[in-house]
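Only one structure is covered here, and it is reproduced in the block below.
Within every chain, numbering begins at 1; the chains are lettered A, B, ... in the order of the sequence lines, protein sequences first and strands thereafter.
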Number of protein chains: 2
Amino acid sequence: MPPRLRRTQAERRATTVAALLDAAVSSLVELGYAATTTKEVTRRAGVSQGGLFRHFATRHELMVAAADEVRRRQFESFAAALERLGDATAEDCLVLLRQACRAPMNAAWYELVVAARTDRDLHDALAPMATRYMKEIVELGRGLPAAAGVPDDQLESVLLGIVHLLDGESMMSVLDPHPELEDQRLQQLARGLKGLPLWDSAH
Amino acid sequence: MPPRLRRTQAERRATTVAALLDAAVSSLVELGYAATTTKEVTRRAGVSQGGLFRHFATRHELMVAAADEVRRRQFESFAAALERLGDATAEDCLVLLRQACRAPMNAAWYELVVAARTDRDLHDALAPMATRYMKEIVELGRGLPAAAGVPDDQLESVLLGIVHLLDGESMMSVLDPHPELEDQRLQQLARGLKGLPLWDSAH
DNA sequence: AGACATAGCGAGCAGGCGCTCTCTTTTGTT
DNA sequence: AACAAAAGAGAGCGCCTGCTCGCTATGTCT
């Protein structure tokens, strides 16, 4: 039925693996870590159980590959959005970073991080990814005009602090969202980034 | 074998329920949400399966009760630590808050929050608890001397922002800890709370 | 004391899990 | 064209899950 063109083994393999990773990531986003079963992933990917285990020896291996895929996509799309904006103000950067933290895809990352806390194998596989992730973010941030005002020896702490804040905000907003407070907080962060006090003391 | 003293039904019920909640919470902390099975909880509590389902109609009900227990204990222990300290400086308060976020018990809260994202029933049950939790923290913080310098209309945003930051930090430190950065960040937060810029611009 | 309600027990059930194994189909090699 | 290797399929296995149900033990009420 589909135009039966001949594909190399490498191509067949690549498309199947890609479909499986896509499926795993979307399932992590929509159903969470525990409900991302091999059966669910194969169903989404249109691949059989046997097909999955040909490319990933265990569910664990699939989850690790999915984690790396999430990390890669998240960083790429954030970097691209930053590029697209050109020379951005501190506020612009913060808005972008907040969008990235709240992106559905990032929820998959939280799922994996939380699962890794009580799963030693997953922990050991994800730890280097997390380190790399943070490092890439810091390096990206270091090149930004908005970071020019931050002393070099404080930049890493401040930058990752902002990421942590937006991560925590994103997680809790699922249960208890406060849009107004969150906007106010973004303004405070922008002031902080510029080396000003968080609020205007002449109230 | 144990001193067979006569207990009322209410007492029997209360001790069993307490044992089950203890077991559920410790299992959430040590094994995570997915691995906190009814069997695991009954094993830890020394109660039979039938005994559990006499008091909790479903696993879901047990998890909801455990969540409220976690919220209660976390807030109580934090309030007690604050009380114990007397009139605390901003640094003192931040250290205490950071300890609370990193406490093993708080990991159970993260487990439940993340699980609630993809479990509508759990979400609906936990949402009011999360709202209450945040509100209690803000009210507690409002009474602190360390918060005196923060304008009233900015306090909620700042305070919850700090909590989010410490939550995010706590979650990621499982995979990628940076003790030095985290201490530096605490100093920056303390400066921010006092209405100062986050860093000393006379570098 | 006797009747009733509540607490607690644990074997067992239907269903879902990760994974295996055998099989067929497709691609690569000579 | 003949054979080998890799990709994909899907029924099935052993195990674990949340939960039920019939039962005994204990406390409550008249």
Side-chain angles (χ1 to χ4, degrees), chain A residues 1-24 27-28 31-66 111 115 118-122 125, chain B residues 1-24 27-28 31-66 111 115 118-122 125:
Chain A
M1 210 152 318
R4 319 274 279 86
L5 81 167
R6 193 181 165 88
R7 300 187 303 164
T8 67
Q9 299 277 46
E11 281 167 348
R12 290 215 297 166
R13 182 182 185 92
T15 61
T16 302
V17 167
L20 287 167
L21 287 181
D22 259 10
S27 174
L28 282 169
L31 307 178
Y33 184 82
T36 297
T37 63
T38 56
K39 193 181 172 188
E40 175 65 21
V41 171
T42 56
R43 194 186 62 75
R44 286 172 181 246
V47 171
S48 65
Q49 289 270 94
L52 190 158
F53 284 100
R54 165 102 24 214
H55 302 291
F56 300 96
T58 60
R59 182 182 108 116
H60 169 258
E61 255 189 35
L62 173 65
M63 292 296 102
V64 171
E111 292 282 338
T118 50
D119 181 332
R120 172 155 281 172
D121 289 340
L122 194 62
Chain B
M1 207 152 317
R4 320 273 283 83
L5 81 166
R6 190 179 167 89
R7 300 186 303 164
T8 68
Q9 300 275 51
E11 282 166 346
R12 290 214 297 163
R13 181 181 186 93
T15 60
T16 301
V17 167
L20 287 168
L21 287 181
D22 260 9
S27 174
L28 281 170
L31 307 179
Y33 183 81
T36 298
T37 64
T38 56
K39 193 180 172 191
E40 175 66 22
V41 171
T42 57
R43 193 185 63 75
R44 286 172 181 245
V47 172
S48 66
Q49 289 269 87
L52 189 159
F53 285 99
R54 165 109 16 224
H55 302 292
F56 301 97
T58 60
R59 183 183 106 115
H60 170 257
E61 255 188 36
L62 173 64
M63 292 296 101
V64 171
E111 292 283 337
T118 49
D119 181 333
R120 172 155 280 170
D121 289 341
L122 194 61

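What separates CG of B:L31 from C1' of D:dT17 is a distance of 15 Å, to the nearest Å. Atom C1' of nucleotide D:dA5 and atom CZ of A:R54 are separated by 10 Å, given to the nearest angstrom. Taking atom OH of residue B:Y33 and atom C1' of nucleotide D:dG18, one finds them 12 Å apart after rounding to whole Å. The CD atom of B:Q9 sits 5 Å away from the C1' atom of C:dT6 (whole-angstrom rounding). Distance, B:E40 CD to D:dC19 P: 16 Å, rounded to whole Å. Rounded to a whole Å, the CG atom of B:L52 is 16 Å from the C1' atom of D:dC21.
With sequence neighbours left out, A:T15 forms a side chain to side chain donor-acceptor pair (under 3.5 Å) with A:R7. In this structure, B:E61 has no salt bridge (charged side-chain N to carboxylate O under 4.0 Å, His left out) partners at least two apart in sequence or on a different chain. With sequence neighbours left out, the side chain to side chain donor-acceptor pair (under 3.5 Å) criterion links B:T38 to B:Q49. In this structure B:T118 satisfies the side chain to side chain donor-acceptor pair (under 3.5 Å) test with no other residue, sequence neighbours excluded. Evaluation of the side chain to side chain donor-acceptor pair (under 3.5 Å) rule for B:D121 yields no partner, not counting sequence neighbours. B:R44 pairs by the salt bridge (charged side-chain N to carboxylate O under 4.0 Å, His left out) definition with B:E30, B:E40, not counting sequence neighbours.
Here B:R6 reaches the OP1 or OP2 of D:dT28: one of its side-chain N or O atoms lies under 4.0 Å away. Taking only side-chain nitrogens and oxygens, B:H55 comes nearer than 4.0 Å to OP1 or OP2 of C:dG8.
For the pair A:A34 and A:R59, the tightest heavy-atom approach, listed with the atom from each and the gap, is O-NH1, 4.2 Å.
Contact check of residues 11-21 of chain B against DNA chain D (heavy atom, cut-off under 4.0 Å) returns B:R12.
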### Message
Using a 4.0 Å heavy-atom cut-off to protein, can you give one letter per nucleotide of nucleotides 13-20 of chain C, 5' to 3': B if the base is in contact, S if only the sugar-phosphate is, - if neither?
### Response
----SSBB

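Tested against A:V41, the residues A:L21, A:T36, A:D22 include a single side chain to side chain contact (heavy atoms under 4.5 Å, CB included) partner, A:T36.
You'll find that the side chain of B:S48 is closest to C:dG8, out of C:dA5, C:dG8, D:dA5.
Evaluation of the salt bridge (Lys or Arg N to Asp or Glu O under 4.0 Å) test over residues 47-58 of chain B, restricted to residues two or more places apart or in two chains, returns none.
Taking for each of B:R7 and A:A10 the nucleotide of DNA chain D with the nearest heavy atom, the 5'-most of the two is the partner of A:A10.
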